[in-house]
Amino acid sequence: MDSKKHPFRRSQAWFGRDDRDGFVHRSWIKNQGYPHDELDGRPVIGICNTWSELTPCNGHFREIAEFVKRGVYEAGGFPLEFPVMSLGETQLRPTAMLFRNLASMDVEESIRGNPIDGVVLLMGCDKTTPSLMMGAASCDLPTIGVSGGPMLNGKFRGKDIGSGTGVWQMSEMVRAGEMTQEDFTEAESCMHRSKGSCMTMGTASTMASMVEALGMSLPENAAIPAADTRRNRLAQMSGRRIVEMVKEDLRMSQILTREAFENAIRTNAAIGGSTNAVIHLIAIAGRMGIKLNLDDWDRLGAEVPCLLNLQPSGKYLMEDFYYAGGLPAVLREIKPILHLNALTANGKTLGENIEKAPCYNRDVIMTPEAPFMKDAGIAVLRGNLAPDGAVIKPSAASAHLLQHRGRAVVFEDIEDFHARIDTDDLDIDEHCIMVLKNCGPKGYPGMAEVGNMPLPPKILQKGITDMVRISDGRMSGTAYGTVVLHTSPEAAAGGPLALVQNGDMIELDVAGRRIHLEVTDEELARRRLNWKPPVHPTRGYQKIYVDHVQQAHLGADLDFLVGGSGALVPRDSH
Ligand code: FES
C-alpha cells in the first residue's frame, strides 16, 4: 500500500499492510466492488445507521445515508455504512428505554472494532439519539451527528395536530365522550403523513436540539423537516465535514466539554424541551467522564425563559420552528447565558455559528424580554418522598397545581392502574394526587413513559384536564400535565415511594423545590418492615440491566458502561 500518500490513520492498521491480514481486510471489502485505491489511506468514515422499518421515524435513513456518502466522497473519504440496533419508540415492548444502554454497547463496539477513522451518527427517534451519542462518546473518535428531521405538521380537518400531544388530547376526548371512535381512527393517518420523527417538541426534537446545542452537528440540524430537501443537503455537508474533522483529529472530547453540556441544559429550558433530556444528557456526560447532576439542571436551567411557542406546551410545530429560524435563532436570543467559545463540529465556535441567526416569526420564537413562559426550565424536587430527586417540567404543568396538597390515590404498578382507573368505585376527586409505583429503571423494567397517567373518566367528564401525578417513571416529551417524574430512588429499589399508601397526604411545592409525604419517619420505618422487593428477571439482557442499571438521577446507564475505553484495539482478529 502507498502509505506515504496520506498520514497514518487508524483504518490503516487494517488496510495499510502488506501481510496476510492486510490481504484479508482488503479483499473481503472489495467483494462490494470497491477499487484498490479506496483503501489507500484516505479517511474511512463509518456511517452508523439506525434505519429500520420497525423504527418508522428512522425509515428514511437509507436515503440520508446516500447523501452523507456523496459528501464523504466529495471530500476524499471512503464511506462504509453499518447498521446498529434501532429503537422504535412506538413499537418496542416493554419500553424502548430498556434497550438504550444495550444499543449504546452495540454502537460502541461496532465503532471500536472496525477500521473506521471518523463516524457519522444517523439519529432520529427518541432513544436512537442518546444511544448513539453514548456509544460513540465511549470511543472518542471524530464524530458528527445528523438527525433525521421532524415530520411535516399533522393536518386533521383544517387544524394542525402534533405527534403524541394530539393523541393524548384526543384519547381523553374519546374517554370523556367528546369524540367518536371513527374520528379518532381517521386522525391516525392525518397526524403522521410524511417521513421523519415526532413534529412536536417531544423527546426526538429535544434530543436533536441537544445535539446541535452541544455542538455535535452542523447548525440547523434540529429543525429542518425530514421531507425538506435541505435535510439531505445538511447530510451531504456533514459527510464532507467529517472527512475534514478526521484530518483535524477533532474528537468528541474536544466538543463535549462541561461548557457544552451547560449550553445544552440552558437550551433545553429555552425550547421547553423534554424531561427525558435530563436522563440522556447525564448519561452522555458520564461517558465523557463529566459529572453532570440534577442540581446542574436546576441551577443552570430553572430560571431560563421558554422562548418557543411549540407543542406540547404551546401552539406550533417543528415545521413552523424551522421556518421561523430554527435553533440558531433561539440560541442567539439566549447568547448572554451561553458559553460562546464552545467548539462545534464545523470547527467554529457556537458564538460564531449564531452571530447572524435571524428570526422570521416572533409568534413562534419569542424573546427573553417577552418570552412564551418565564422560569421554564426543569425543576428538581427533593424531600422525604424523593431523597435523590425528582423532576417536573413547569412549562407543561398547570400553574394552579404547582403548589398543591392532596390525598394520595396509589397504584402499585401499571397493571393495577389499568385495572382500576376506569372503574366507578375508584375513590378519587380532582384534588387527589395520583401515585404510580414500580415504573422506574428496575421496576418496569426500563423506566417506561407512563408517568403522565390518563385521568379517570369521572374527572374528565367534569371538564378537569389535569391533576398532580407522581411516579418513578418518565413521560413522553410530547406529553403535558402537572407530573412529577423520575422519583429517585425508585419504588422497586426500596425508595420511599414504595411506602406510600392510599389516603396519605402529599405536599407538592415547586417554588420551594419540595415533595413531601406527610407520614412520620417512625411510620415509614414500620411500613418498610413489611415491604417486599419485586421479583426481577432472572436471565438474558433484562437480568444484566436490572442488576446494573443506575437510578434515574445518575442517568440510568449501566454502572459498568460509565466512562469510555477509547478506540484502540491492539490485538488482531486472525
Ligand atoms: Fe419516534 Fe416520536 S415516536 S420520534
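Please read these numbers as outputs of a predicted model, since none were measured by experiment. Note that ligands are numbered from 1 as they come in the structure, with each ligand's atoms numbered from 1 the same way.
When all heavy atoms of G164 and T478 are compared, the closest pair comes out as CA-OG1, 3.4 Å.
For the side-chain contact (heavy atoms from CB on, under 4.5 Å) with Q311, the qualifying choice from T165, I161, D320, N153 is T165, the only one to do so.
Enclosure of atom CZ in R93 is not indicated, since only 12 or fewer non-hydrogen atoms of other residues, nucleotides or ligands lie within 6.0 angstrom.
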For residues 374-381, tabulate all N or O donor-acceptor pairs below 3.5 Å that involve a side-chain atom, not counting sequence neighbours.
none

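Atoms CG and OG, on L308 and S209 in that order, are 8.0 Å from each other to the nearest 0.5 Å. Note that the CG atom of L338 and the CZ atom of R266 stand 7.5 Å from one another [nearest 0.5 Å].
Inspection of the environment of atom 1 (Fe) of ligand 1 yields the following protein N, O or S atoms under 2.8 Å: C57 SG, C125 SG.
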